[in-house]
Amino acid sequence: MTPRPSSSGPDPEKTTGKNTAGKKTPKAAKKAAAKEVAAKKAAVKKAAVKKKATEQPVGKDRVREEVAVSPALDAGDRERLLAGTHHAPHAVLGAHRVPGGVAFRAFRPYALAVTVLSGELRVALHDDGDGFFSGLVPLSEVPVHRLLVAYEGTEQEAEDPYRFLPTLGELDLHLIGEGRHEQLWQALGAHPTTHDGVAGTRFAVWAPNARGVRVAGGFNFWDGTGHPMRSLGSTGVWELFLPGVGAGELYKFEITRPDGSRTFRADPLARRTEVPPATSSVVHASDYTWGDEEWLAHRADAPAHEAPMSVYEVHLPSWRPGLTYRQLAEQLPAYVADLGFTHVELMPVAEHPFGGSWGYQVTGFYAPTARLGDPDDFKYLVDRLHRAGIGVLMDWVPAHFPRDDWALAEFDGRPLYEHSDPLRAAHPDWGTLEFDFGRREVRNFLVANAVYWCEEFHIDGLRVDAVASMLYLDYSREPGQWTPNEHGGRENPDAVAFLQEMNATVYRRVPGVVTVAEESTAWDGVTRATHHKGPSGFGGLGFGLKWNMGWMHDSLEYMSREPVHRTYHHGELTFSMVYAYSENYVLPISHDEVVHGKRSLVSKMPGDWWQQRANERAYLGYMWAHPGKQLLFMGQEFAQGAEWSEAHGPDWWLLDPEYGASADHRGVRDLVRDLNAVYRATPALWERDTRPSGFAWVVGDAAEDDVLAFLRLDADGTPLLAVSNFAPVVRSDYRLGVPDEVPAWHEVLNTDAARYGGGDVGNPDPVKPEPQGWHGRPASIRLTLPPLATVWLRPA
């Protein structure tokens with residue numbers, strides 16, 4: 001994960017138009033408008049009184065000519081509703097049985113008149129001022145009713161939002177209060193629904209420190225005054241059902257903070273957002289029909305660590321710049337399938353305000369970025385990848401979030417999603433805020449989010465970003481900038497508990513998925529089961545796989561050296577086998593290794609252009625044979641010489657036949673295709689990835705030759721022999737010890753093959769063992785090792 005500055009985003013209180021929230025009329029203009037409205041109200045009221053005098057009695061349960069005007073709301077309720085600090089607007093607005101009948105009350109700012117409609121009943125409410133209207137009707141029961149609201153130049157008939165019971169049940173509220181609502185997105189957020197036979201949208205948000213919450217959106221001209229939400233008990237949840245509001249509407253929550261000030265906030269559980277830099281949430285209803293049933297049915301057939309997995313890492317906005325999710329779906333699956341990768345890993349898809357963060361500073365945790373389309377468009381992309389036989393991993397960022405004042409930071413006026421201790425909250429590297437993993441509602445928000453992507457979008461795995469920054473209280477902090485845990489240690493037990501809960505929940509709910517940790521330290525038990533304690537006293541974190549950052553740093557350091565110096569650094573390649581089975585590993589050559597001056601993979605290599613490509617080919621052959629799963633970032637599969645930039649993506653022009661050196665780049669891509677093909681067809685390369693019985697050194701100490709050779713073995717003991725020569729010279733008749741039960745060996749892959757751009761030095765004929773013992777084995781073979789190359793041999 002790469003640090004980037006946080007985007008401040010547009011200020012919703014200083015912008016205009018349908019994409020903004022909370023534009024306020026200047027005071028002078030408000031006073032003038034209020035006087036004009038008052039005058040018009042008086043005229044409408046006079047006409048209504050005149051009309052009422054001519055109305056006939058309508059029966060014992062209907063209004064009579066002499067309807068009494070109900071008393072106005074008491075001063076306290078009026079003040080709280082006007083100030084946006086009322087916790088129970090439904091208790092005073094709507095229709096309620098009172099002595100003498102049923103009291104109707106409506107709060108419709110800027111309305112000239114309000115009339116209650118119910119069957120043949122038609123009652124003009126009294127104007128109590130400031131947008132309040134009321135009337136007392138001598139009825140024995142509260143009727144189902146609608147409101148006819150007169151504004152300047154128009155009348156609107158609408159449902160009364162304050163006649164509806166809460167849309168959240170006791171079970172939802174109990175689970176939210178306990179921090180155990182595993183499908184939180186179905187309870188909170190905005191959901192188009194039919195409630196008591198009426199179509200509309202139910203809104204719900206967690207804001208326990210708020211004095212009041214109102215819904216503002218395009219449907220009320222971004223003035224939430226007339227749409228206050230109710231607080232549901234002690235859960236901190238605010239709720240409101242708004243009839244007539246449907247999918248596609250923009251909205252935000254107008255929150256009155258503890259100090260009385262107001263803030264407009266995007267919905268933390270919005271499932272769709274505007275296209276950045278606009279910041280409003282969008283009411284969303286999915287109507288996507290999936291077609292990946294066969295993929296899902298077989299996804300759990302084999303555990304990830306016992307199955308082939310080679311991953312193509314993709315930054316969707318820049319893979320083919322300008323393409324939408326649906327356009328990507330026409331190109332990406334075909335490209336990845338042609339190269340033989342089993343999975344793609346998508347850099348963060350969740351909504352983020354600053355494109356330069358590559359998605360690692362998330363504000364919309366439940367919304368795919370709108371830059372490329374809507375949520376159903378993203379589902380279409382995942383669906384098409386699945387139908388092409390490709391799994392989909394997604395980068396997930398639960399470690400931190402940006403400080404944008406329209407998003408999660410001090411959401412309801414006080415630290416809520418972030419830790420209350422500023423030293424604990426501030427992320428020292430990225431200028432962001434860390435989640436408070438010790439708060440059950442925050443853990444619930446994140447755990448449910450992990451489940452959400454897997455269940456709603458059929459994601460096959462989550463690569464969890466920046467795990468180390470969560471696990472250690474002193475991460476990137478100097479002495480005095482952090483506080484030890486209760487045992488005096490540097491570990492963060494709240495983060496440990498969160499990661500354990502997340503992994504346990506995801507694996508229980510969604511069989512066949514895999515979670516992958518980007519964890520850059522030697523934390524004990526990242527991929528150990530959560531109920532198995534290790535030497536540290538903690539249970540395992542429960543991940544399925546872990547990025548092997550040590551292998552990546554050591555091997556790239558070795559490869560970047562001139563061959564003449566490699567002899568003295570041979571251990572940088574062999575050390576990985578000391579700890580190869582301490583975790584279930586992925587070998588990552590990710591985006592982080594090809595940006596910010598680190599150079600692309602081929603450009604890290606020493607020598608001239610031919611030697612650089614030969615080194616990359618040899619390295620890829622070694623990488624695909626090494627225990628662990630493979631991950632390669634886009635552009636590296638065809639030896640792009642330039643660093644990656646999110647502004648323009650891979651240099652696809654290098655593959656254009658019109659470009660004179662295109663054969664050099666196509667050759668490396670052809671190698672990657674063949675590596676994947678042989679890899680997937682050879683269980684020895686993946687079946688025992690996490691077991692020492694699947695690996696055996698042939699020679700690991702040939703430092704002076706810059707050679708290493710090892711066997712990979714499948715469950716039946718069938719071997720594959722991998723030999724790498726990282727010296728720029730041909731080594732003829734190079735003797736290697738081998739098992740004596742193999743009658744002959746056949747070269748199945750050679751990174752020096754002419755079709756890859758190599759010199760075509762190798763072993764075209766089967767190689768038979770000789771009875772001469774070597775390297776501690778009873779038999780041996782003599783090979784021709786091409787320069788700067790890796791060769792794979794299988795039993796003939």
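The chain is numbered in sequence order, starting from 1. Bear in mind the structure is a predicted one, so any value in this text is a computation, not a measurement.
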Undergrad: Please check this pair: side chain of R731 against backbone of D705, looking for a donor-acceptor N/O pair closer than 3.5 Å.
TA: yes

Undergrad: Given the rule in the side chain to side chain contact (heavy atoms under 4.5 Å, CB included) test, do V586 and K546 qualify, once you have shown the distances and angles that lead to the verdict?
TA: CA-CA 6 Å; V586 174; K546 171 184 172 174; over 6 Å; no

Undergrad: Indicate whether any N or O donor in one side chain lies under 3.5 Å from an N or O acceptor in the other, for T751 and Y756.
TA: no

Undergrad: Taking D714 for the side chain and P683 for the main chain, is one N or O donor matched with an acceptor at less than 3.5 Å?
TA: no

Undergrad: Please identify each residue that fulfils salt bridge (charged side-chain N to carboxylate O under 4.0 Å, His left out) with E330, with sequence neighbours left out.
TA: R384

Undergrad: Does W792 use its side chain to pair, donor to acceptor, with the backbone of L675 at less than 3.5 Å?
TA: no

Undergrad: Any side-chain to backbone donor/acceptor pair from Y507 onto T515? Under 3.5 Å, distance only.
TA: yes

Undergrad: Does any non-hydrogen side-chain atom of T324 lie less than 4.5 Å from one of L328?
TA: no

Undergrad: Counting N and O atoms only, with roles assigned by atom type, does the side chain of Q630 sit under 3.5 Å from a partner on the main chain of G628, one being a donor and the other an acceptor?
TA: yes

Undergrad: Regarding R794 and T682, do their side chains bring together a donor and an acceptor under 3.5 Å, going by distance alone?
TA: yes

Undergrad: Looking only at side-chain N and O atoms, does N725 offer a donor or acceptor that is under 3.5 Å from a partner on Y734?
TA: no

Undergrad: Can you list the steps and then say if H591 with E313 is a side chain to side chain donor-acceptor pair (under 3.5 Å)?
TA: CA-CA 8 Å; H591 66 277; E313 187 186 21; 2.8 Å; yes

Undergrad: Does a donor on one side chain sit under 3.5 Å from an acceptor on the other, for Y585 and D689?
TA: no

Undergrad: Closer than 4.0 angstrom, basic N to acidic O: yes or no for R299 and E294?
TA: no

Undergrad: Please determine if K598 and E643 form a salt bridge, counting it only when a charged side-chain N lies under 4.0 Å from a carboxylate O.
TA: no

Undergrad: Go through F543 and N584 one step at a time and tell me if the side chain to side chain contact (heavy atoms under 4.5 Å, CB included) criterion holds.
TA: CA-CA 9 Å; F543 284 94; N584 304 334; over 6 Å; no

Undergrad: L462 versus V516: any side-chain heavy-atom pair under 4.5 Å?
TA: no

Undergrad: Side-chain contact test, heavy atoms from C-beta onward, threshold under 4.5 Å: evaluate it for T790 versus N750 and give yes or no.
TA: no

Undergrad: Answer yes or no: is there an ion pair linking R561 with E572, defined by an N-O contact shorter than 4.0 Å?
TA: yes

Undergrad: What I want to check is whether the side chains of S310 and Y679 have a donor and an acceptor closer together than 3.5 Å.
TA: no

Undergrad: Could you tell me whether D383 and R387 have a side-chain N and a carboxylate O separated by less than 4.0 Å?
TA: yes

Undergrad: Evaluate Y558 against F726 for ring-ring contact (aromatic ring centres under 6.0 Å, His included), listing each step before the verdict.
TA: CA-CA 10 Å; Y558 175 87; F726 291 114; 5.7 Å; yes

Undergrad: Under a 4.0 Å threshold between the charged nitrogen and the carboxylate oxygen, would D395 count as salt-bridged to R463?
TA: yes

Undergrad: Is a donor from one side chain sitting under 3.5 angstrom from an acceptor on the other, for T521 and E519?
TA: yes

Undergrad: Rounded to the nearest 0.5 Å, how far apart are CG of D701 and OG1 of T574?
TA: 9.0 Å

Undergrad: Before giving the answer on ring-ring contact (aromatic ring centres under 6.0 Å, His included), spell out for W547 and H553 the whole-Å C-alpha distance, their side-chain angles and the decisive distance to 0.1 Å.
TA: CA-CA 11 Å; W547 273 21; H553 284 296; over 10 Å; no

Undergrad: Find the distance between CZ (R782) and OG (S732) and round it off to the nearest 0.5 Å.
TA: 11.0 Å

Undergrad: With a 3.5 Å cut-off and no angle check, do the side chains of W295 and D460 form a donor-acceptor pair?
TA: yes

Undergrad: Has the side chain of N503 got a donor or acceptor atom that lies under 3.5 Å from a matching backbone atom of L541?
TA: yes

Undergrad: Would E593 and K604 pass as an ion pair if we require N to O under 4.0 Å?
TA: no

Undergrad: Kindly indicate, with the supporting measurements, whether the criterion ring-ring contact (aromatic ring centres under 6.0 Å, His included) is fulfilled by Y622 and W624.
TA: CA-CA 6 Å; Y622 155 76; W624 254 252; over 10 Å; no

Undergrad: Quick one, L316 and R320 - any side-chain contact, counting heavy atoms below 4.5 Å?
TA: no

Undergrad: Show, in sequence, the C-alpha distance, side-chain angles and deciding distance for I781 and W774, and conclude whether the side chain to side chain contact (heavy atoms under 4.5 Å, CB included) test is met.
TA: CA-CA 9 Å; I781 56 175; W774 209 256; over 6 Å; no

Undergrad: Considering only residues two or more places apart or on different chains, which pairs with a residue in residues 634-663 satisfy ring-ring contact (aromatic ring centres under 6.0 Å, His included)?
TA: H315-W644, W319-W652, Y335-W652, W358-W644, F633-W644, F638-W652, W653-Y659

Undergrad: Taking the side chain as C-beta and beyond, is there a heavy-atom pair between C454 and V506 under 4.5 Å?
TA: yes

Undergrad: State whether the number of non-hydrogen atoms from other residues, nucleotides or ligands found under 6.0 Å of F575 atom CZ is greater than 12.
TA: no

Undergrad: Mind running side chain to side chain donor-acceptor pair (under 3.5 Å) on T567 and D706 for me, showing each step along the way?
TA: CA-CA 6 Å; T567 293; D706 297 332; 3.2 Å; yes

Undergrad: Would you call R669-E637 a salt bridge at under 4.0 Å N-O?
TA: no

Undergrad: CG/L632 to CG/L601 distance, rounded to the nearest 0.5 angstrom?
TA: 7.0 Å

Undergrad: Quick check: do M347 and V314 have side-chain heavy atoms less than 4.5 Å from each other?
TA: no

Undergrad: Measure from the side-chain N and O atoms of Q640 to the backbone N and O of A642, and report whether any donor-acceptor pair falls under 3.5 Å.
TA: yes

Undergrad: Out of the candidates W396, F378, Y380, only one should pair with F457 under the ring-ring contact (aromatic ring centres under 6.0 Å, His included) rule; please name it.
TA: F378

Undergrad: Establish, from distance only, whether the side-chain atoms of H458 and D292 form a donor-acceptor pair under 3.5 Å.
TA: yes

Undergrad: Is R673 paired with D338 through a side-chain N to carboxylate O contact shorter than 4.0 Å?
TA: yes

Undergrad: Do E687 side-chain atoms and A715 backbone N/O form a donor-acceptor pair below 3.5 Å?
TA: yes

Undergrad: Let me confirm one number: the OG1-NE2 distance from T690 to H305, rounded to the nearest 0.5 Å.
TA: 4.5 Å

Undergrad: Quick check for you: to the nearest 0.5 Å, what is the distance between L323 atom CG and L372 atom CG?
TA: 9.0 Å

Undergrad: More than 12 heavy atoms of other residues, nucleotides or ligands under 6.0 Å from OH of Y579: is that the case?
TA: yes

Undergrad: Just checking, is any N or O donor in the side chain of S780 or Q772 under 3.5 Å from an acceptor N or O on the other one?
TA: no

Undergrad: Report the residue from R691, K629, R688 that forms a salt bridge (Lys or Arg N to Asp or Glu O under 4.0 Å) with E306.
TA: R691

Undergrad: Backbone N or O of L720 within a donor-acceptor pair of the W745 side chain at under 3.5 Å?
TA: no

Undergrad: Hey, is CH2 on W290 packed in by over 12 heavy atoms from elsewhere, all under 6.0 Å?
TA: yes

Undergrad: Ignoring hydrogens and angles, tell me if any N or O in the side chain of D752 forms a donor-acceptor pair with the backbone of D760 under 3.5 Å.
TA: yes

Undergrad: State the CG-CG distance between L721 and L713, to the nearest 0.5 angstrom.
TA: 10.5 Å

Undergrad: Are any non-hydrogen side-chain atoms of V723 and L736 less than 4.5 angstrom apart?
TA: yes

